[in-house]
Amino acid sequence: MSKSESFTVELKILSKETGIYFVGSVVPKVIGFFIIPIFTRVFSREEYGEIEILMSFSNLLGIVITMGVDTALSFYFFSLPEKRKEVISSIIHIKVLIFGLVFLTILMMSRKFVEFMQVEKILIYIFSFYALEQTLIAIFLNVLRLQRRPRNYVIYNTLNSLFSSALAIVLCAKFKLGVYGFATAIFTTSGATLIALILTLRENIIIYPASPDIYKKVIFFGFPLMFSGLSSYLLNFTDRWMLNTFLGKDYVGIYGVGASFSLSFDIFITSFSIAFMPYALEQINKPDINDSVEKLIKFWRYYSGFSFIIFAVFLIFTYFVFDFIVDKKFSEGKYVIPFLTMKSIFFGATYFSSLGTWKMERSYLYSAATIAGGFFNVALNYVFIKAFGIVGASISTAISMLITLILSFTFSEFLFPIKFKFSKSILILCCGILLSVAFLLIDEKWKLTLISVLSIITTSVITFEKKEFSFLKKRLWKNKI
């Protein structure tokens, strides 16, 4: 089989798995999309803001509990295939131990947490255990993904989202339990999902301790990435905390609705990323590295072009749909969507930019990039929120993620040169910024917005050389392989 035919076969497999993950991502996002009209009418802006703060707290706790070891699972799953059970089990042991220590600290300092977050103590406890559930679920879903079992992954992910949303609607809309109803729904359904995953993957788990060498490898590989996780948290959640500090829970709620709406775009980014990462890790560990590099460069070109085409279409969708489905008290939330969507694209690109640091086992350099981006986000949010309110928060978040991406590409290419081509990607980026600004400043003159969309689509299309379209047409869709 020639190299081009080999690439075509792998492209077809990756496309198929991406399609399955796409379906699995679509259902939870569609559920979340249809929940927005309900929750924006059931919750006040302050209540929605309180949920955003509690979810932000839960995400922070999850990062501390995880301590970066989930990434170690992805790496050692392929490099130590004979030790997979020990690797998986050691990560579970580490997470449970850390949670115990963290929760003890929360109990001892509960009054301080209540004063800072301005929420009730019992909600802090519920969301703490919810964080543990989510981190353990992430392990098992990651195992399914690494085993290339996308259907099982999708089933569990979808059912968890479906039952969680249904129970939340019943408790919040029918029984009027407010934030407590939401907390009860997500905690209960996550627990049920975790039990089901444990039963499904019980053969991949050992109860007894793993060998000391495995714990050492997992911790030393993952620990630097905890700082990456914390800085990623600064990239993704600084906006909520600062909005709460400067503008109050009302504006956190408005911003949260816009952020939730923008997550619909993540259907495309997440689907590709979930399927791409096991493939990319497998490629960089193959003996014929030159062939692997050539394939990765092609995938980067496809990602750059198609993600921004979808971005353009998504903004037009937002323009016509947002005010129709969201309660008018949250209508300002649409102005944060363009830059939060761009942030998602930049985040998806980090799956390419981190390959060199992972290949050379220098994960601390990716952490350094995210730490720099996180601190930039804190500084930019401080300035931009005061100047531009919730829009400033979205702009600073997008800029900070772009800084992280640039730095991680720099480190990765220095350690393990894949020689990605960036000139056309930069051109697409400029068009994306133009479109975002048009969306913000020319809200009523939709014709100019549509012209901007046309320009970005045109620019994205020309990034694909003619021969690449011919390759896809002949090999992917017409050939029967």
Side-chain angles (χ1 to χ4, degrees), residues 17 20-21 24 59 61-103 129-160 190-226 228-229 270 273-285 351 354 358-359 361 363 366:
E17 292 186 0
I20 295 172
Y21 286 124
N59 278 286
L61 204 59
I63 292 168
V64 176
I65 296 169
T66 298
M67 208 177 73
V69 294
D70 279 1
T71 308
L73 172 60
S74 297
F75 183 79
Y76 289 117
F77 192 87
F78 292 107
S79 62
L80 296 175
E82 73 283 357
K83 301 269 188 181
R84 285 176 179 174
K85 286 186 179 182
E86 288 191 75
V87 171
I88 295 168
S89 301
S90 66
I91 291 173
I92 295 172
H93 301 157
I94 291 169
K95 285 189 175 187
V96 173
L97 176 61
I98 294 174
F99 173 76
L101 297 173
V102 170
F103 189 69
F129 279 96
Y130 170 68
L132 175 63
E133 290 175 336
Q134 287 298 300
T135 59
L136 295 177
I137 286 172
I139 296 173
F140 296 114
L141 288 179
N142 198 16
V143 171
L144 291 175
R145 181 174 65 89
L146 294 170
Q147 290 178 341
R148 307 291 285 267
R149 295 166 64 183
R151 288 182 176 81
N152 297 82
Y153 180 101
V154 165
I155 289 171
Y156 281 111
N157 202 33
T158 301
L159 290 179
N160 181 48
S190 293
T193 301
L194 178 59
I195 292 171
L197 281 167
I198 290 173
L199 293 175
T200 300
L201 293 169
R202 59 187 179 275
E203 294 182 358
N204 295 274
I205 307 169
I206 54 174
I207 304 299
Y208 54 85
S211 64
D213 183 56
I214 294 296
Y215 286 109
K216 181 180 177 180
K217 282 181 176 293
V218 167
I219 292 172
F220 273 82
F221 186 95
F223 185 71
L225 291 174
M226 183 182 74
S228 172
T270 303
S273 300
I274 290 172
F276 175 74
M277 206 58 209
Y279 170 81
L281 290 172
E282 192 174 9
Q283 287 297 318
I284 62 175
N285 284 291
Y351 285 90
S354 60
W358 284 25
K359 169 67 175 177
E361 297 188 50
S363 56
Y366 180 73

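No donor-acceptor contact under 3.5 angstrom links the side chains of Asn152 and Gln147, judged on distance only.
Cation-pi geometry between Arg84 and Phe77 is met: under 6.0 angstrom from the ring centre, within 45 degrees of the axis.
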Given the rule in the side chain to side chain contact (heavy atoms under 4.5 Å, CB included) test, do Val143 and Arg149 qualify, once you have shown the distances and angles that lead to the verdict? CA-CA 9 Å; Val143 171; Arg149 295 166 64 183; over 6 Å; no
For the pair Ile92 and Leu136, evaluate side chain to side chain contact (heavy atoms under 4.5 Å, CB included) and give the outcome as yes or no after the intermediate values. CA-CA 7 Å; Ile92 295 172; Leu136 295 177; 4.3 Å; yes
With side chain to side chain contact (heavy atoms under 4.5 Å, CB included) as the criterion, how do Gln134 and Ile65 come out once you've worked through the C-alpha distance, each side chain's angles and the decisive distance to 0.1 Å? CA-CA 10 Å; Gln134 287 298 300; Ile65 296 169; over 6 Å; no
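Here the rule is side-chain contact (heavy atoms from CB on, under 4.5 Å) with Ile219, and of Ile94, Ile91, Ile214 only Ile94 fits it.
Nearest heavy-atom pair across Met67 and Ile98 is SD-CD1, 3.5 Å. In this structure, Val69 and Thr66 approach most closely via the heavy-atom pair CG2-O, 2.8 Å. Between Tyr156 and Thr193, the closest heavy-atom pair is O-CG2, 4.3 Å. Of all heavy-atom pairs spanning Glu133 and Ser190, the tightest one is OE1-CB, 3.1 Å. In terms of heavy-atom proximity, Asp70 sits nearest to Ile139 at OD1-CG1, 3.8 Å. Between Gly62 and Ala131, the shortest heavy-atom distance links the atoms N-CB, 4.1 Å.
Here the side chains of Arg202 and Leu199 are in contact, with some heavy-atom distance below 4.5 Å. Taking 4.5 Å as the limit, every side-chain heavy atom of Asp213 sits out of range of all side-chain heavy atoms of Lys83.
To the nearest 0.5 angstrom, Leu201 atom CG is 6.5 Å from Phe140 atom CZ. For the atom pair Lys85 NZ and Glu203 CD, the distance stands at 7.0 Å (nearest 0.5 Å). The CD1 atom of Ile155 lies 13.5 Å from the CG atom of Asn160; values are rounded to the nearest 0.5 Å. Rounding to the nearest 0.5 angstrom, the gap separating the NZ atom in Lys95 from the OG1 atom in Thr135 is 4.5 Å. Ile198 contributes atom CD1, which lies 12.5 Å from atom CG of Asn204 (distance to the nearest 0.5 angstrom). For the atom pair CG of Leu197 and OH of Tyr153, the computed distance is 10.5 Å after rounding to the nearest 0.5 Å.
Panel note: side chain Ser90, backbone Val87; a donor-acceptor pair is recorded below 3.5 Å.
Ring-plane geometry between Phe75 and Phe221 is classed as parallel, the angle between the planes falling under 30 degrees on a 0 to 90 degree scale with a further cut at 60.
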